[in-house]
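In what follows, a single structure is set out as structure tokens and then discussed.
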Amino acid sequence: MFSLTVYTIRSPASIFHDDHDKNTVHSCHGSELARPSPANWAQHAATSDPVSGIASIPVRELRGVGPKLAAKLADYGVHRVEDLLFHLPLRYQDRTRITPIASAREGADLVIEGEVRAADIVFGRRRSLVARLQDGSGTLTLRFFHFSAAQKAGLQSGTRLRCFGQVRRGSSGLEMFHPEYRSLEEGEHSVEEALTPIYPTTAGIGQNQWRNLCGQALARLRRDPPADLLPPECHPYDLARALEYLHAPPPDAPQALLREGQHPAQQRLALEELVAHNLSLQNLRQSQQAQGAPALAPGTEQQNAFLASLPFAPTGAQQRVMGEIAADLARPVPMLRLVQGDVGSGKTLVAAGAALQAIANGYQVAIMAPTEILAEQHWSSFSNWFGPMSVAMEWLSGRTRGRRRDAALQRIAGGEAALVIGTHALFQSDVIFDRLGLVIVDEQHRFGVHQRLALTGKGAAGHGKPHQLVMTATPIPRTLSMVAYADLDCSIIDELPPGRQPVTTVLIDNSRRHQVVERVAAACSQGRQAYWVCTLIEESDALQAQAAEATAAELQLALPELAIGLIHGRMKPADKESVMAAFKAGELSLLVATTVIEVGVDVPNASLMIIENPERLGLAQLHQLRGRVGRGREASHCVLLYQGPLSATGRERLLALRDSSDGFYIAEKDLELRGPGEVLGTRQTGLMEFRIAQLPAHSHMLDEVQAIAALIRRRHPELAGPLIQRWTGSKQDFGNV
Ligand code: ADP
Ligand code: MG
């Protein structure tokens with residue numbers, strides 16, 4: 001049961017890091033915004049229309065915004081005045097103090113003020129306009145390489161200037177190159193009251209323009225503050241105050257904290273954004289579950305026969321997770337479950353158990369993999385397992401074309417195909433199922449929410465939504481899965497099948513390549529098998545294939561007596577299959593491969609893996625690759641053959657991999673060192689694009705995010721819609737999926 005006291009544990013002091021900010025409201029414009037007390041807040045939030053005011057005013061209504069600028073702003077996702085306020089500065093400049101020239105330090109960005117003594121065009125190596133500025137404490141040179149006659153005329157002797165720029169040491173003492181400057185009125189002394197924001201921008205909109213627009217938006221904010229959509233007990237900072245602080249921080253604002261995104265005002269906004277994101281995924285879940293699903297009776301004869309036919313017993317963890325799934329499937333509500341497990345923990349078996357439950361109940365199952373080679377691997381596992389049970393299987397990938405595709409579509413639509421395995425091709429609109437009961441997505445972190453939903457939309461009328469099982473190829477840090485998969489229940493296979501040998505990993509510099517080649521020769525001469533993995537940063541299959549071909553040729557030259565095979569993504573499926581079959585059968589000792597073998601390949605006798613240029617790959621990917629060895633009884637080794645010198649982070653990453661075989665730990669490390677986009681591989685899908693929240697910087701708030709979202713759903717359900725609208729409105733329309 002939730003109660004409001006949950007939040008009193010997190011007193012403001014535990015959330016606020018900067019003491020000086022704890023009790024006072026810093027407002028550069030002296031307008032302290034009244035914060036409604038908790039007692040009247042609910043009423044306030046309910047009565048103020050969250051989509052009125054700055055949330056509904058188009059930016060076009062601001063001064064100076066014509067159709068052209070509005071179009072440019074739209075490129076930044078800025079359509080309404082409120083969006084402008086969520087466009088937060090990247091950093092700040094301090095223009096609140098005037099520094100006497102005598103105490104100006106080289107390299108600093110400073111405001112100085114003084115009188116022009118002389119301004120002349122100097123013909124040196126480059127023609128420049130040089131002005132001497134004197135302020136009583138000293139003299140400094142202003143230097144302009146690009147200037148106009150009017151500019152020179154404006155710098156007459158006696159003019160008082162205020163300049164902002166970086167101080168350097170030049171030929172004539174301290175200088176500023178191309179400072180920003182303006183002449184001062186008689187008797188003018190006022191300086192900036194707030195730090196000056198530097199906004200993220202590319203060409204097209206200048207800093208002054210951003211400042212002007214945001215200034216106007218802040219003025220509107222003060223007149224008509226937006227509804228505070230977070231219950232006040234959740235965070236002591238109100239929205240308007242946080243926005244004002246971040247666009248115009250007081251001179252003594254803690255800049256280091258701001259740079260790290262950890263200022264309470266930033267946390268306040270990030271918290272709200274993450275809560276909104278969580279609510280939108282929960283909404284999605286609710287709308288999915290509202291539709292009902294076929295109840296699939298568990299413990300079917302087929303499932304039992306299948307388990308009995310295996311040459312091994314499922315691990316305890318596999319049994320537990322299979323139990324969780326079986327129970328979900330038995331309910332007339334769509335299952336929404338994520339299965340995580342380390343490489344080799346046996347996720348495929350768990351998927352097979354689930355698939356059989358649906359098939360035995362007369363429903364179809366779709367299994368979707370992100371790559372052709374992974375789909376092929378599933379095809380071969382499932383044909384081995386289900387072949388004896390005469391389950392009708394169908395294949396559908398992008399390469400299935402023409403008459404073969406027509407026939408496949410027909411068998412899928414007619415219901416003859418019980419199990420359909422394939423790639424993205426399964427999303428296509430002409431793929432129609434007869435009775436789709438279960439969708440299994442082997443994600444490898446590549447599909448976004450929308451893609452997943454596209455498949456569940458293929459449930460047939462009258463049968464409800466299909467159940468959904470999402471499997472990840474490698475573990476995802478908990479913090480990330482809490483955000484990216486908040487709509488799913490999570491099962492973890494936290495146990496490897498017995499008898500797995502840990503893989504010993506070493507780092508070797510490429511200058512010792514010949515030693516590695518000798519080591520490969522020695523291992524193969526003892527009847528063992530090895531992988532040599534070539535990596536390239538380029539996503540191009542063609543370049544990768546070339547690199548692998550060159551390496552295979554080089555190794556064959558060095559080791560003429562060795563049977564060496566080559567596999568890469570550009571080969572025809574039949575050729576890939578025959579190479580893999582030869583390697584599996586032991587006819588090839590060494591397999592040179594691109595990262596296509598990252599997933600799915602299973603040859604227990606292979607006990608040595610060389611990974612070239614591991615510094616180019618993510619840790620999760622390396623861990624996945626390494627998972628191809630250590631599957632048999634031999635002690636296995638993985639050589640990370642890096643190209644030195646490594647950067648400090650590069651070294652730290654590879655050492656993390658060397659020293660750990662725990663995929664969950666490695667994933668956390670990857671997140672810390674490379675950020676969520678790389679780890680999830682979802683930069684393309686936009687899944688993790690937040691306006692303000694950053695991971696892992698704001699990971700520590702995620703438990704709180706969940707609790708607040710739950711609180712809102714229970715106590716203030718009317719706020720969920722406005723929150724989702726505010727933060728994800730223009731971007732994602734989950735309701736319409
Ligand atoms: P992943 O979780 O990485 O997808 P797989 O499902 O590919 O792992 O399983 C890896 C290997 O382990 C396969 O060869 C599979 O047959 C085998 N395996 C799965 N479960 C067990 C088990 N309980 N005991 C022994 N081997 C198992
Ligand atoms: Mg797998």
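The figures here come from the full heavy-atom set of this structure, side chains too, leaving out hydrogens, waters and symmetry mates. This structure is a prediction, so every number in the text was calculated from the model and none was measured. When a ligand or atom number is given, it counts from 1 through the structure's own listing order.
Against a heavy-atom cut-off of under 4.0 Å, V343 is close to the following atoms of ligand 1: 3 (O). Every atom of ligand 1 with a heavy atom of S345 under 4.0 Å away is listed here by number and element: 2 (O), 8 (O).
Annotation: R631 places no N or O atom under 3.5 Å from an N or O atom of ligand 1; distance criterion only. Residue P497 places no N or O, backbone or side chain, under 3.5 Å from any N or O of ligand 1. Not one N or O of L349 is nearer than 3.5 Å to an N or O of ligand 1, by distance alone. The shortest N or O to N or O distance between R628 and ligand 1 is not under 3.5 Å. Here's the thing with W385: none of its N/O atoms is less than 3.5 angstrom from an N/O atom of ligand 1.
With a 4.0 Å heavy-atom cut-off, ligand 1 is reached by no atom of I493. Here Q318 has side-chain heavy atoms under 4.0 Å from ligand 1, and that is the only part of it that gets that close. Neither the backbone nor the side chain of Q340 has any atom closer than 4.0 Å to an atom of ligand 1 (non-hydrogen atoms only). If you look at P314 next to ligand 1, the close heavy atoms, those under 4.0 Å, all belong to the backbone.
Of the charged side-chain nitrogens involved, none lies within less than 4.0 Å of a carboxylate oxygen, so that R570 and D575 do not count as a salt-bridged pair. Salt bridge status for K669 with D662: absent, with no side-chain N to carboxylate O gap under 4.0 Å.
Taken to the nearest 0.5 Å, the CD atom of E652 stands 12.0 Å off from the CG atom of L646.
The salt bridge (charged side-chain N to carboxylate O under 4.0 Å, His left out) check on R651 picks up nothing, with sequence neighbours excluded. Checked against side-chain hydrogen bond (donor to acceptor under 3.5 Å, both in side chains), Q428 has the following partners two or more places apart in sequence or in another chain: R405.
Annotation: Q410, atom CD; neighbour count of heavy atoms from other residues, nucleotides and ligands within 6.0 Å does not exceed 12.
For D342, the heavy-atom gap to ligand 1 drops under 4.0 angstrom. In this structure, A313 is part of the shell of residues with a heavy atom less than 4.0 angstrom from ligand 1. Heavy-atom distances between R500 and ligand 1 reach below 4.0 Å in at least one pair. Contact annotation: G341 has no heavy atom less than 4.0 Å from any atom of ligand 1.
Nearest approach of I666 to A656, heavy atoms of both residues: CG1-O, 4.5 Å. In terms of heavy-atom proximity, L657 sits nearest to L622 at CD2-CB, 3.6 Å.
In the model, H467 has no side-chain atom that pairs as donor or acceptor with a side-chain atom of D328 under 3.5 Å.
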